[in-house]
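The block underneath contains the structure these notes are about, expressed in structure tokens.
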Protein chains: 2
Amino acid sequence: MAHDKDDTITGRITRALAERIIAGEFAPGSKLRQDHFAEEFGASHVPVREAFRRLEAQGLVVSEPRRGVRVASFDIAEVREVAEMRAALEVLALRHAAPHLTGAILNEAEAINRAGENAPDVRAWEEANRAFHRLILAPCGMPRLMTAIDDLHAASARFLFSGFRMEWEAPTDQDHRAILKALRERQFDVAAATLARHVKWIGTPPGTKTRSRTAS
Amino acid sequence: MAHDKDDTITGRITRALAERIIAGEFAPGSKLRQDHFAEEFGASHVPVREAFRRLEAQGLVVSEPRRGVRVASFDIAEVREVAEMRAALEVLALRHAAPHLTGAILNEAEAINRAGENAPDVRAWEEANRAFHRLILAPCGMPRLMTAIDDLHAASARFLFSGFRMEWEAPTDQDHRAILKALRERQFDVAAATLARHVKWIGTPPGTKTRSRTAS
DNA sequence: GGATTTAAAATTATAGATAAAATTTAATAT
DNA sequence: ATATTAAATTTTATCTATAATTTTAAATCC
């Protein structure tokens, strides 16, 4: 029953590095040296290399053959790309999850949403946000889709923590409320449309931040 | 210049194994032993392990810690999942690519489509099919989206070669024609809807194969 | 003084070897 | 004969060491 926590050294290094990259500890484009992390984690370079390959697949680092790996750089175009991919895939997931959403799940989602509104910092808010999305999408029963969405969430979080979008408010939680309301009323099309708009909002420039809430 | 072909041993092993898994050489669920392939490719097991990690990210193998990797098993549910993800992402790509599609590109797509119709076997047809999709989607200028679509194409091809769907006909190339026609007339919504239906068709049971062409 | 070539240092990629874990096989007891 | 336990073998995961490549630095030449 306990899901494999991937207790291997490669797994631990992968998780630790992913978290630090998302948190913005390394500048985009900076080199990641395998020997350095091998020493830091008290391991050899082999598991570090395997961790690099996993991070590469997640899009967190880019690897040039024989030149090592660098932290993936992301410009505004890539942020919007990730947002659009998320919108497309989360809508798909919601369409399949909606029929299986029970009242209990929606209540739990509402509680998570409240926690997000009271979050003291961006970090806590992002965690609540991710939990909210995951909770209402997971019942779709499509594992490959869920991992793809998870990877895109990580990329989004990286942007969120980068300070690119500085004035962090919690207004998107209003979108969450609207989504929950639509789901309770079995208005799946409305819920999907709101979710799409909500997800794409993260890639919009700060100045137009209200547009996405007024436009249909 | 131009040596981003990943000339590393890890890259070669990854491509070779991916091709063989897609071709159905290994039974789904069968174990892949690293020492075996290390010997076969005349390499050590380290690059084999790195290749495994890449294949894992592509969804071609699954890895249980300390138990090795197995060829990913796919049931009909997973095939449909991949088809729906492809539909969602390819529609997104087409929407961004459409404005940049020139007449020359569409002519080339038509030539590829003809080649697909004259393909002697499933293998050649799939290659033409993949080239067709890639050609009209690549101008979207979203690299992350394109690699995601490529991975899903690989999973689809695996199903196609598995003999699950045996009676292979080339009727989907009619869909290709319809897509090209709509693109030439700048009817992007029609093109997107046709593409979505076309991609999802691969996951439908054989008996209902005509449904997707008659339904709107 | 600036640019080009050469040498040195750092880093990646691979190989061979070792330890730990799991699966298989064998043996014993019921 | 079947089930349970224990030994043996196979396989994975990791480490240390070596070879090859790239980057950095210096030195020489124009």
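Every chain is numbered from 1 and lettered A, B, ... according to where its sequence line falls, protein lines coming before strand lines. All values derive from a computational prediction rather than experimental measurement. What you see below is based on every heavy atom in this structure, not just the backbone, and it leaves out hydrogens, waters and symmetry mates.
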Report task. Determine, stepwise, if the pair B:His198 / B:His133 fulfils ring-ring contact (aromatic ring centres under 6.0 Å, His included). Result -> CA-CA 11 Å; B:His198 163 64; B:His133 283 252; 5.2 Å; yes
Requested in this report: Please assess B:Arg95 against B:Leu195 for the test side-chain contact (heavy atoms from CB on, under 4.5 Å), listing each intermediate value before the final yes or no.
Outcome: CA-CA 11 Å; B:Arg95 286 225 137 86; B:Leu195 176 65; over 6 Å; no
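Side-chain nitrogen and oxygen atoms of B:Arg49 include at least one within less than 4.0 Å of the OP1 or OP2 phosphate oxygen of D:dA13. Applying the 4.0 Å criterion to OP1 and OP2 of C:dT14, one finds that B:Thr8 has a side-chain N or O inside that range. Dashed line: the shortest gap from a side-chain N or O of B:Arg66 to OP1 or OP2 of D:dT12 is not under 4.0 Å. Contact annotation: B:Thr10 side-chain N/O to C:dT14 OP1/OP2 distance is under 4.0 Å.
We find that NE2 of B:His36 is positioned 15 Å from P of D:dT10, with the value rounded to whole Å. Rounded to a whole Å, the CG atom of B:Asp35 is 13 Å from the C1' atom of C:dT18. Residue B:Arg53 contributes atom CZ, which lies 12 Å from atom P of D:dT12 at whole-angstrom precision. The CD-P distance, from B:Glu50 to D:dT12, rounds to 16 Å in whole Å. For A:Arg33 and D:dT21, the CZ to P distance is 22 Å, given to the nearest whole Å. For A:Glu56 and C:dA13, the CD to C1' distance is 15 Å, given to the nearest whole Å. Between A:Gln34 atom CD and D:dT22 atom P the separation is 15 Å, expressed in whole Å. One interatomic measurement links the two molecules: CD of B:Glu64 to C1' of C:dA22, which rounds to 12 Å at whole-angstrom precision.
For A:His45, the listed nucleotide lying nearest its side chain is D:dT16; candidates were D:dT16, D:dT14, D:dT23. Nearest nucleotide to the A:Arg67 side chain, out of D:dA13, D:dT23, D:dT14: D:dT23. Listed candidates were D:dT14, C:dA13, C:dA15. Nearest to the side chain of B:Ala43 is C:dA15. Checking D:dC15, D:dT12, C:dA13 against every side-chain atom of A:Pro47, the shortest atom distance belongs to D:dC15. In the set C:dT14, D:dT14, D:dT11, the nucleotide with an atom closest to the side chain of A:Ile9 is D:dT14.
Heavy-atom distances to DNA chain D give each of B:Phe52 and A:Ser44 a nearest nucleotide, and the one nearer the 5′ end belongs to B:Phe52.
Under a cut-off of 6.0 angstrom, the local environment of CD in B:Glu25 is crowded, with over 12 non-hydrogen atoms contributed by other residues, nucleotides or ligands. The local environment of CD in A:Glu127 is sparse, with at most 12 non-hydrogen atoms from other residues, nucleotides or ligands closer than 6.0 Å.
In this structure, B:Gly11 reaches neither bases nor backbone, as no heavy-atom distance under 4.0 Å exists between it and the strands shown.
In terms of heavy atoms, A:Phe132 sits closest to A:Ile112 at N-CG2, 3.9 Å.
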